[in-house]
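Shown next, in C-alpha cells, is the structure this report addresses.
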Amino acid sequence: MLAPTPRSARNSGIDIARGFALLGIILVNAPLFFLPFGSIYDGKLPAPLERSALDWAVQVAVTALAAFKFVSLFSLLFGFGLSLQAAKAAAEGRSRWPLGLRRLGLLLVFGLLHGLLVWYGDILTMYALLGLIVLACIGLPERWLRRATVALAALMAAGIVVFAAFQYRSHTSSAETPSADAAAMEEPDEAEGPAEHAPTGFDALLAADFEPGSELWIQAETRAQREGPWLDAFAFRAVTFGMGLAISPFSWAWQPFLMMLVGVWVQRSGLFAPQAGARRLRLARRLLLGGLPCALGSVAPAWLFGRESPLTETLQFVFLPYSAMLLSVAYGCLAVELGPRLPDLLRVPVQAAGSMALTVYLSESLVCTAIASWWGLGLFGTMLEAKFTPLVVGVWITLALAAAAWTRRVGDGPMERLWRWGTYRAAR
C-alpha cells in the first residue's frame, strides 16, 4: 500500500539538509520581507535609509555564501522527493502520475494562497508548475536523464555568459549616451505630490507605470506595508507576485528546474544513500574547489571596480548561478553526510525543521510579515541588513526549536499532515 515514509525510516541527513536550506533561504529572502521590491529590483532604498559599512559586509557575506545556493539545494531536494515517490509507486506496480498530480496540485493551492495572501516571494507555485515537467522527465531512462541534465546545465552556462555580455554592452552604451529623459528626471514628479496626497494602492501602481524602481512605487509600497490598509498592501503583493511568475520562464525558473533534475539523478544514483558516504565527501570536496572561487568572483568585483560599475553587475550575474550549481550539491552532500554527526543540541532542531519543511517555510513568511507589516510591528522599510539579518536568524532558530517540540509531542507538522493526506488518501 502506498503511504508516506514512516518517521523511523526517514533519512535524517536529508531532513537536516532541508533544515539548513530553510535557514539559507530566509537569509536571502530577508530584504524581500523588510524592503520595497524596488530596493531589490533597482537598488533604491526608501528614505531615509542608507547602507552602512556593516550593512554592505552582511550583504556581501549572504550573497557569497547563500544567494541562489540554498534555494538550489531546496530545489534539488524537491526533485529528490518527487523521484523517490515515483520509485515507490513503480515498486507497487502503479503509475507515478496520480500521486504526483495530487501532490503538485495541493502544492499549487498552498503556493497561490501564500503568494497572494501572505508574501509575494512564494516559491511553492513555481515548484508545483515545474514539478509537472520533472514528473514527466522521471520516466526517461537514467542515461537520457543524465544527458538531458548535463545539456541543460551547459546551455544555461552558455546562456548566462551571452546574456551578461549583452547586458554589459547595454549598460556601457547607456552610460556613454546621455539619456533623453535626463532633464525630466531632474524635475520633480508632479504625480507624486505631497505625501498625504500621493496615490496609494493600485492607483500608485498605475501612476508608477508598474515600474518597481519608481520613487512613487517605493514610497507607496512602503506606506502600504507599514500603515495599511489591507487592500493597498494586497495590491502590491498581488501585482509583484504576478510579475514574478510572468518573468520566471525567461529568467530565474531555469535554475530550480535544473536542480530538480539533479535531485532526480541524485535519488537514482544513490548519492544520498547511507553507504555512499565516501563518495559524497569526494564529490563535495571537488565541488567546493570549483564553487567557492565562483562565489568569491560574485562579490570581489564590487571592491575591485566599485559597486556601481557595469562590470561588477555583469560578473555577479555570471558567477552567482555558477556558484549555486556547484555549491548547492556540495552543501547537500555535506549536510547528509555530516549532519547526523552533529551534537543533539544542534541536530534535533535542524532535523525537525527539515521534516516539517512546508510548515516551517510558511511560518517563516507569516512571522516575518507580521514583524514587517502594519497589522504587526510595522517595521517595513525601517532597517537594513545589519538589523534584519540577525532578526531572521532568530526567527529560524525559534521555528526550529518549535518544530523539535512539535515533532517530539505530536509527530508530523500540520501542513505536512494535510499535504500527505490529500496526496495519499485515494491510494489507500
Side-chain angles (χ1 to χ4, degrees), residues 18 21-41 70-71 74-75 78 104-130 201-202 205 212 217 220-248 252 256 353 356-383 388 391-396 398-400 402-403 406 413-419 422:
R18 284 197 185 96
L22 289 168
L23 170 60
I25 288 171
I26 197 174
L27 284 172
V28 176
N29 285 342
L32 301 175
F33 287 118
F34 296 103
L35 293 173
F37 182 56
S39 299
I40 293 86
Y41 174 83
F70 285 99
V71 71
F74 209 60
S75 302
F78 183 76
L104 295 173
L106 279 170
L107 191 66
L108 180 62
V109 172
F110 296 153
L112 290 172
L113 292 175
H114 178 226
L116 292 172
L117 300 181
V118 181
W119 179 57
Y120 66 79
D122 168 74
I123 193 67
L124 303 180
T125 303
M126 185 53 58
Y127 272 27
L129 298 175
L130 292 175
F202 195 74
L205 291 165
W217 175 305
E221 183 184 0
T222 302
R223 187 172 182 176
Q225 298 294 351
R226 192 188 299 170
E227 303 174 12
W230 183 88
L231 196 59
D232 285 358
F234 173 78
F236 282 96
R237 184 166 57 248
V239 168
T240 308
F241 177 56
M243 288 172 61
L245 286 179
I247 67 172
S248 60
W252 60 271
M356 292 175 50
L358 180 59
T359 298
V360 172
Y361 172 75
L362 295 174
S363 298
E364 286 178 348
S365 296
L366 282 170
V367 174
C368 289
T369 303
I371 295 171
S373 296
W374 57 275
W375 53 270
L377 299 181
L379 297 181
F380 188 90
T382 65
M383 53 184 169
F388 61 59
L391 178 62
V392 298
V393 171
V395 169
W396 177 83
T398 301
L399 291 174
W406 179 282
M415 295 304 299
E416 283 70 25
R417 287 192 174 194
L418 178 61
W419 196 15

For Trp375, enumerate each residue passing the ring-ring contact (aromatic ring centres under 6.0 Å, His included) test, keeping only those at least two apart in sequence or located in another chain. none
Which residue, Trp230, Phe202, Trp217, forms the ring-ring contact (aromatic ring centres under 6.0 Å, His included) with Phe236? Trp217
For residues 108-117, pull every pair meeting side chain to side chain donor-acceptor pair (under 3.5 Å), keeping only residues two or more places apart or in separate chains. His114-Asp122, His114-Ser365
Starting at CG of Leu112, measure out to CG of Leu107 and round the result to the nearest 0.5 Å. 9.5 Å
Are Phe70 and Ile26 close enough, and set up right, to give a side-chain contact (heavy atoms from CB on, under 4.5 Å), and what steps lead you there? CA-CA 9 Å; Phe70 285 99; Ile26 197 174; over 6 Å; no
Counterpart residues, salt bridge (Lys or Arg N to Asp or Glu O under 4.0 Å), relative to Arg237 (two or more places apart): none
State, yes or no, whether a side-chain contact exists between Met356 and Ser363 at a heavy-atom distance under 4.5 Å. no
Ile123 side, atom CD1; Tyr361 side, atom OH - distance, nearest 0.5 Å: 6.0 Å
Could I get the full list of ring-ring contact (aromatic ring centres under 6.0 Å, His included) partners for Tyr120, not counting sequence neighbours? Phe37
For Thr359, what residues pass the side-chain hydrogen bond (donor to acceptor under 3.5 Å, both in side chains) criterion, not counting sequence neighbours? Glu416
Any side-chain heavy-atom pair of Leu418 and Leu106 under 4.5 Å: no
Hey, could you give me the OG1/CG distance between Thr125 and Leu245, rounded to the nearest 0.5 Å? 6.0 Å
Just verifying a value: how many Å separate Leu22 CG and Leu399 CG, rounded to the nearest 0.5 Å? 9.5 Å
When Phe33 is tested against each of Phe380, Trp119, Phe388 for ring-ring contact (aromatic ring centres under 6.0 Å, His included), which residue passes? Trp119
All side-chain hydrogen bond (donor to acceptor under 3.5 Å, both in side chains) counterparts of Ser75, not counting sequence neighbours: Tyr127
